[in-house]
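Just so it is clear: chains get the letters A, B, ... in the order the sequence lines come, proteins before strands, and each one is counted from 1.
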Amino acid sequence: MSEEEATSEVAATTKQNVHKKIVYDTKDLNLWYGDTHALKDINLSIYEKEVTAIIGPSGCGKSTYLKTLNRMVELVPSVKTSGVITYKDKSILDKSFKVEDLRTKVGMVFQKPNPFPKSIYENIAYGPKIHGIRNKKILDEIVEKSLRGASIWEEVKDRLKENAYGLSGGQQQRICIARCLAIEPDVILMDEPTSALDPKSTLRVEELIQELKKDYSIVIVTHNMQQAARISDRTAFFLNGEVVEYDETDKIFTNPSDNRTEDYISGRFG
Amino acid sequence: MSEEEATSEVAATTKQNVHKKIVYDTKDLNLWYGDTHALKDINLSIYEKEVTAIIGPSGCGKSTYLKTLNRMVELVPSVKTSGVITYKDKSILDKSFKVEDLRTKVGMVFQKPNPFPKSIYENIAYGPKIHGIRNKKILDEIVEKSLRGASIWEEVKDRLKENAYGLSGGQQQRICIARCLAIEPDVILMDEPTSALDPKSTLRVEELIQELKKDYSIVIVTHNMQQAARISDRTAFFLNGEVVEYDETDKIFTNPSDNRTEDYISGRFG
Amino acid sequence: MALDNKIDNQDKPSIQDMIAKKKNGKNLTSITEKVIPVLLFLIAAVSIFTTIGIVYTLLIETIEFFKRVPVMDFFTGTALKPLSQNPEFGVLPLINGTIISSIIAMLVAGPIGIMTAVFLSEYASERVRRTLKPMLEILAGIPTIVYGFFAFTFVTPLIREVFPSVEATNILSPGLVMGVMIIPMIASLSEDAMTSVPNAMREGALALGATKLEVTFRVVIPAALSGIIASFVLGISRAIGETMIVTIASGSSKNFTFDITQSMQTMTAYIVEVSGGEAPAGSTIYYSLYAVAMTLFVFTLLMNLLARYVSRKFREEY
Amino acid sequence: ACGSDSEGDNKDNNEEESSENTGSEGDSDSEKVEGSVVIDGSGTVFPLMAKLAEEYMGEKPDVSVEVSRAGTSAGFEKFLAEDGTDFNDASRVIKDEEKAKAEELGMEIKELKVALDGLTIVTHPDNDWATELTEDQVKGIFLGEYTNWSDVNPEWPEEKIQTYGPNENHGTYEFFYENILEEQDLVSDINLQQDYSTLVTLVAEDKNAIGFFGFGYYDNNKDKVQAVGIDFGDGAVEPSLDTIAEDGDYAGYTRPVFTYLNVDNAKEKPQVLDYALYIMNNVNEFAGETGFAPIPEEEAKTLVSELEALK
Amino acid sequence: MKYVDTNQIQKNMNSRLIKNNILKFIFFLATIFGLIVLAVLIIRVIMQGANWINMDFLTNKLSTSPDRAGIMGAILGTFWLMLVVIPVTLILGVGTAIYLELYAKKGRFQGFVQTNIANLAGVPSIVYGILGMTIFVRALNFGNVVLAGGLTMSLLVLPIIIVASQESIRAVPQHLSEASYGMGATKWQTVKNIILPAALPGILTGSILSLSRAIGETAPLVVIGIPALLIPFPGGIMDKFTVLPMQIYYWTIDSSLVEEYANLAAATIIILLVLLFLLNATAIFIRNKFQKRF
Ligand SMILES: Nc1ncnc2c1ncn2[C@@H]1O[C@H](COP(=O)(O)OP(=O)(O)OP(=O)(O)O)[C@@H](O)[C@H]1O
Ligand SMILES: Nc1ncnc2c1ncn2[C@@H]1O[C@H](COP(=O)(O)OP(=O)(O)OP(=O)(O)O)[C@@H](O)[C@H]1O
Ligand SMILES: [Mg+2]
Ligand SMILES: [Mg+2]
Ligand SMILES: O=P([O-])([O-])[O-]
């Protein structure tokens, strides 16, 4: 069975998708780093207020795809793309599309926590401030709300003026999530957000993601199969720059259509 | 069963050791890097014209022990040792013992091929030259003999004047072995000599080691269990700076006395 | 093994035997081994001797100077008339000239240097950076005498074309040219500081919808601040010590004034003037050379130590 | 070598022969002169000395003559020292203290008068008012009695006078201070410079400038600065090669310039004496082109013969 | 409860982007400002001096008359000066670097020397001039000869050479020296046969760059005292001398005496810049050619 059939089958058979709205729609996306063909004919739809997990062995293009969704991939000078990605019906790969606009709507959390070397407060207020919100009171409220949203308010509320680098890795990662929330994005992209964290912090972040799902659409790249199974609604399996299979998480983990997916999930390679 | 018992048992039960001469005898060796206790009460005898393999998980002290045998470990300024190592009945850890003499008798091959940035010829002639051999004819002979000894003569005989860095990794490593042979040492110490090589080059080096065993005593550190099983006569298993078990290779791989050894060999940790 | 036999067959000694034989005559090697470190130690000590030499010569003669001229008169005096019948040795005109020329230089080099650093590290593509940077470094390699010539024969006349009231020798022109000379230093040190800010930091900000400008001013520059400050301090130190440009283009008037259109003398230019007149050993003016040099030395030393301190102390942990 | 016998009877035709004289000296002289001659001192005399040195070395390539210009006073300090310089150029006569210093050192020195210089008062070329000044006005200006030009003469601009001059290292300064200002202190805001060339530039660039230095520096820069005619009582006199000559009309501001010879060095080092002779034999030839008036021939001849006597 | 007003953000976005672009352009202008000045300087100097460069100018002796003056004396002076500076700085600089990197115990003394060298690198050149005048010219009584100037210059560039040599020694991979020690080589044998040859390109590059510094320096020589008129060519290290930058200096300040001197200064600047350019090109060539061979 070819992948195409598998994908179309998915679309046809899953009932609950019918009422879900599509946030991101990717059509025939190809991406090259210089001569390296990193993404090949990607077709993928991301649904609103779901957690979409992207899994696959190292180097298969997970991060690249994620970074294409907010065009951060363009920071690499040699990148070339073809195909179309629409975000809420706007084609975002067009040169004329303002990346800053896109990134205001789409937050991103990175593998290694990367707070700014500033106070916790300034970290959270950074986004609103650059977007022109100067009112101290509003900022205060945004900071509190975002920190609460990232369930770290209780831990840091008495030390908002301290440098964010004084926090533990897990706390720093939640600060980064809070920083995202502060500009109230629609989508949050997460690239292995827990891979640098210890198991306890990982659990807290996973719980948080479950919480956030109520208000945000989330795309998460993960190496950890269990994590994908635990928290995501839908899973895409990437291999060598291609989407091998994309389906509901339950389906992927219990009854994958492609045997490469099965091999990968059962740990036979990767 | 304690390790001491295990070790003494070994000495008692292995018959063919009786006629083998001991080259290196290590008694109660302890070594510290500053405050790190890297080697703990090592007791070990290396036998003549045998291949002795040292295995163990990363950081267990394999390289440290090997480098103690030719006192290269002293290049780290903070190193302190206690205990005794005798090489051919001379106590080599004494400050009064000349390391240069020791190293003239004991060659070393490193993990990463490290030829000098000179011609192939100069690489091989380096050892004899620094030891005062200047006669061009003798040097020529030594170079040929050593390159033949490292079974790389045929590949490089027409390009002796070229820089050794033009060779492939596997060739470079054999150049390094030939460089060792050029001063006809008694013992050759090898620290994961094949870990930077591709499988084919690895095979060639393994064959070479089997050849060399006829004339030299060889101590080899390796991460590759199969390799240890294939080429060594005797294997020491290190763990956390201690010798857990030391015995004939067959015995270690088929019927280890210590269950940590078994766990390690069967891949349960490390 | 074949090879072993080959040599043995021909009744040749083994290599180890040859080595052992050579070893007997190898005392030389062990002597070399002992002598070399001592020799190298002595050589390394030259840098210390140089420092001691500088401090010692300056100190001894400076003390002699202060036996003749009270310390207070020197450091608070606004009149410098070293050659006059009633000589006065106030160093303030020189310090004033030095500071003013350094300020002018830094007003040029500071902003332009840091803007250059921002452009190179944040905006320029790799290729543009690789072409522009070495070209800027040429600027740093031009001898100061050439800058002096340029200031005197080109910049000053140009300034006077626009502002005729500016004197033919003035502190403005050498200050500006000195600034140009210091640009590459500040640009390259600041750029180093900025490029060492991890990319993760930039990505974090860009992902929030920040423009490059906002990333630069709100993330990169604050994070690289210690390095940037250190580059400024080193730039000032360089300006304070610069000699030929001011000597040529600012004349030797010892005015105590803040009017940058006038001629002023810096500490360095004073040293050139006095030693160009070959002040005879033993005269007060001769000793004043050392007192001024000492002041200059202390100034720049403090600046250099400050730069090291700043870049070490305030390095952000990221 | 040629000198000692010929000097006595050659007095009349010395002038014509002087150059040949030295020329033939090089050829006929069996003992070749070589070595170095070190000259420092007056910046005023420097152009003349540099010219002489250059010409001399053209004839005697084995001798190295180096000329510096620290200024008369600074030069004397280097001259009056153990291992001091061989010559010191001076734009004023040696002072008593300096003579005493020489005696103390047991050093014999000889004064060689080389030329006449007119101390020239210069202004900016656009200065069309102060083209003539009386001695008293000059004094008043440099003593600071006048602040603005209009203080000197009400018809002149009401702008501040900017005064310039060489610094105290220079004989010119001291000549000005002693002989023209009669040892009264100069106006305190005068701009004093070490280098004459800087001084020329400064005056050339400042409309309200008035400065002083040797005639030579004016002569070379006539397009940049203008000389002020000085009224010594019989109407204004401009300095020129004629007026600054012996007994010229500019005599009030004219001064002899010298070079002082270390006689001990001259006795020890043939090249020093040889050069001294060269100077006195040829100086008048080059005086004019470097902006000096020649000294009377007799004086030169006397000095030559005195030098010959040192051989 | 939304705090973030999407419309407001939209409105701000444009002005932020415009600001970004304007400043990017300003930063670019700042970057090329230095280059423009450089271009003006070079063009200006060439226009003024190029006509004066000919064989006579290069080979003649110094003269007070502009059309006869040549700079051979200054070229030779620069040459002799380098003949002192090169061996002294190479021996002292590389020796110190070897000691600090390979022999000195990492401790107080090493740290102290290192700080000291960093500070010496920041001492103004004119202070070295005073040191040279006091010690070499006067105390040791060399006079203002090549040797005194050369030693002064050597001290001046020493810290630069030390630091450059240290860096290139540090860049020699440890595994090379380990291989040598493993053969029974002594420390000095290893240093001499393995480390120094591998570090040589870096050391050479650093040395050439600091030599060009010494060639262009003027201030210390002014303090040491170089005669304004010195015609004979220097023939040894105990001879008096002048160098290209000094000649530029004198001709520049004397340009108000004889106007053409300014042109001579410009011509000399061209020669000096060409010389420095060649040196730097050599350094870059060596760096590119021999970089990273192991
Ligand atoms: N900046 C870059 N320049 C060139 N090639 C790149 C770059 N980044 C990634 N690649 C290549 O693109 C391919 C996909 O990389 P990507 O980082 O997307 O993989 P990944 O699935 O995220 O892997 P991992 O799980 O290791 O993070 C790889 O072959 C990688 O080598
Ligand atoms: N130069 C050093 N300074 C301080 N500690 C060191 C140094 N080298 C090794 N160690 C420590 O000594 C211990 C043993 O190190 P060693 O290199 O001998 O391990 P190994 O068994 O060779 O490991 P690997 O398989 O990774 O090469 C480790 O804990 C290591 O961290
Ligand atoms: Mg990735
Ligand atoms: Mg190891
Ligand atoms: O340089 P002076 O001639 O004025 O001494």
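For chain C, the nearby part of E/Gln48 is the side chain; its heavy atoms alone come within less than 4.5 Å. Both the backbone and the side chain of E/Thr115 come within contact range of chain C, judged by heavy atoms closer than 4.5 Å. Within the 4.5 angstrom heavy-atom criterion, no atom of C/Arg238 approaches chain E. Within the 4.5 angstrom heavy-atom criterion, atoms from both the backbone and the side chain of E/Tyr249 approach chain C. For a residue to count as touching a neighbouring chain, one of its non-hydrogen atoms must lie under 4.5 Å from one of that chain's; by this rule C/Phe49 does not touch chain E. For a residue to count as touching a neighbouring chain, one of its non-hydrogen atoms must lie under 4.5 Å from one of that chain's; by this rule C/Ile54 touches chain E with backbone and side chain alike. Within the 4.5 angstrom heavy-atom criterion, only side-chain atoms of C/Thr247, from C-beta onward, approach chain E. E/Ser212 does not touch chain C: none of its heavy atoms, backbone or side chain, sits under 4.5 Å away. Only the side chain of C/Ser237 comes within less than 4.5 Å of a heavy atom of chain E; its backbone N, CA, C and O stay farther away. Contacts of E/Ala266 with chain C are made by both backbone and side-chain atoms, with heavy-atom separations under 4.5 Å. For E/Leu120, the part sitting under 4.5 Å from any heavy atom of chain C is the side chain, from C-beta outward, and nothing else. For chain C, the nearby parts of E/Leu38 are the backbone and the side chain; heavy atoms of each come within less than 4.5 Å. Residue contact with chain E, scored on non-hydrogen atoms closer than 4.5 Å, is absent for C/Ile240. Heavy atoms of C/Thr243 lying under 4.5 Å from chain E belong exclusively to its side chain. Proximity to chain C (any heavy atom under 4.5 Å) is shown, for E/Val191, by neither the backbone nor the side chain. Both the backbone and the side chain of E/Phe28 come within contact range of chain C, judged by heavy atoms closer than 4.5 Å. Heavy-atom distances place both the backbone and the side chain of C/Thr211 under 4.5 Å from chain E. Both the backbone and the side chain of C/Met135 have a heavy atom closer than 4.5 Å to some heavy atom of chain E. Residue E/Phe112 touches chain C through its side chain alone, counting heavy-atom pairs closer than 4.5 Å. At a 4.5 Å heavy-atom cutoff, the contact between E/Ile91 and chain C is made by backbone and side-chain atoms alike. C/Thr57 touches chain E through its side chain: at least one heavy atom from C-beta onward sits under 4.5 Å away, while N, CA, C and O do not.
Of all the listed residues (E/Leu209, E/Leu23, E/Ile284), the one sharing the greatest number of non-hydrogen pairs under 4.5 Å with chain C is E/Leu23. In terms of heavy-atom pairs under 4.5 angstrom with chain E, the leader among C/Phe297, C/Phe154, C/Tyr56 is C/Phe154. Of all the listed residues (E/Phe277, E/Phe33, E/Trp188), the one sharing the greatest number of non-hydrogen pairs under 4.5 Å with chain C is E/Trp188. Contact count versus chain E (heavy atoms, under 4.5 Å) is highest, among C/Val108, C/Val128, C/Val118, C/Ile183, for C/Val118. Among E/Ala121, E/Ala104, E/Gly122, the residue making the largest number of heavy-atom pairs under 4.5 Å with chain C is E/Gly122. Contacts with chain C were tallied for E/Ile248, E/Ile130, E/Val127; E/Ile130 has the most, counting heavy-atom pairs under 4.5 Å. Among the candidates E/Leu17, E/Leu41, E/Ile162, the residue making the largest number of heavy-atom pairs closer than 4.5 Å to chain C is E/Leu41. Chosen from C/Thr268, C/Leu301, C/Thr153, C/Leu42, the residue pairing most often with chain E at heavy-atom distances under 4.5 Å is C/Thr153. For the set E/Asn21, E/Val40, E/Leu102, the entry with the most heavy-atom pairs within less than 4.5 Å of chain C is E/Val40. Among the candidates C/Tyr147, C/Phe119, C/Tyr290, the residue making the largest number of heavy-atom pairs closer than 4.5 Å to chain E is C/Phe119. Your options are C/Leu58, C/Leu296, C/Leu120, and the one with the most heavy-atom pairs under 4.5 Å with chain E is C/Leu296.
In this structure, E/Phe27 has its ring center closer than 6.0 angstrom to the ring center of C/Tyr123. Aromatic ring centres of C/Phe41 and E/Phe109: separated by under 6.0 Å.
The two residues C/Ile36 and E/Tyr103 have their closest heavy-atom pair at CG2-OH, 3.9 Å. The heavy-atom pair separating E/Thr31 from C/Leu136 by the smallest distance is O-CD2, 4.1 Å. Residues E/Thr96 and C/Ala44 come closest through the heavy atom pair OG1-CA, 3.5 Å. Of all the heavy atoms in C/Ile43 and E/Leu92, the pair that sits closest is CG2-O, 3.3 Å. Summarising the geometry of E/Ser255 relative to C/Phe152, their closest heavy-atom pair is OG-CE2, 4.3 Å, with the distance given to 0.1 Å. Taking every heavy atom of both residues into account, C/Pro143 and E/Leu273 meet most closely at CD-CD2, 4.0 Å.
Between C/Arg308 and E/Asn119 there is a side-chain heavy-atom pair separated by less than 4.5 Å. Contact check for C/Leu213 versus E/Lys19: side-chain heavy atoms found under the 4.5 Å cut-off. Residues E/Leu35 and C/Leu132 have side chains in contact (heavy-atom distance under 4.5 Å, counting atoms from C-beta outward). At a threshold of 4.5 Å between non-hydrogen side-chain atoms, the residues E/Val45 and C/Phe149 count as touching. The side-chain heavy atoms of C/Met115 and E/Leu29, taken from C-beta on, include no pair separated by under 4.5 Å. Using a 4.5 Å cut-off on side-chain heavy atoms (C-beta onward), E/Pro124 and C/Phe299 make no contact.
Going from atom CD1 of C/Ile145 over to atom OG1 of E/Thr252 covers 5.5 Å, rounded to the nearest 0.5 Å. Considering NZ of E/Lys24 and OG1 of C/Thr216, their distance stands at 11.0 Å, rounded to 0.5 Å. Summarising the geometry, atom OG1 belonging to C/Thr144 is positioned 8.5 Å from atom CZ belonging to E/Arg213; distances are rounded to the nearest 0.5 Å. Atom CE of E/Met133 sits about 9.0 Å away from atom CD1 of C/Ile271, to the nearest 0.5 Å.
A donor-acceptor pair is defined here as one N or O able to donate and one able to accept, closer than 3.5 Å; such a pair exists between the side chain of E/Asn116 and the backbone of C/Ser47. Side-chain atoms of C/Glu33 never come within 3.5 Å of backbone atoms of E/Thr186 as a donor-acceptor pair (strictly under, hydrogens ignored).
Using a cut-off of 4.0 Å between Lys/Arg side-chain N and Asp/Glu carboxylate O, C/Glu214 and E/Arg16 are scored as salt-bridged.
Side chains of C/Thr50 and E/Tyr128: a donor-acceptor N/O pair is absent below 3.5 angstrom, by distance only.
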Kindly determine whether E/Ile126 and C/Met267 satisfy side chain to side chain contact (heavy atoms under 4.5 Å, CB included), including the steps that lead there. CA-CA 10 Å; E/Ile126 190 123; C/Met267 292 191 266; over 6 Å; no
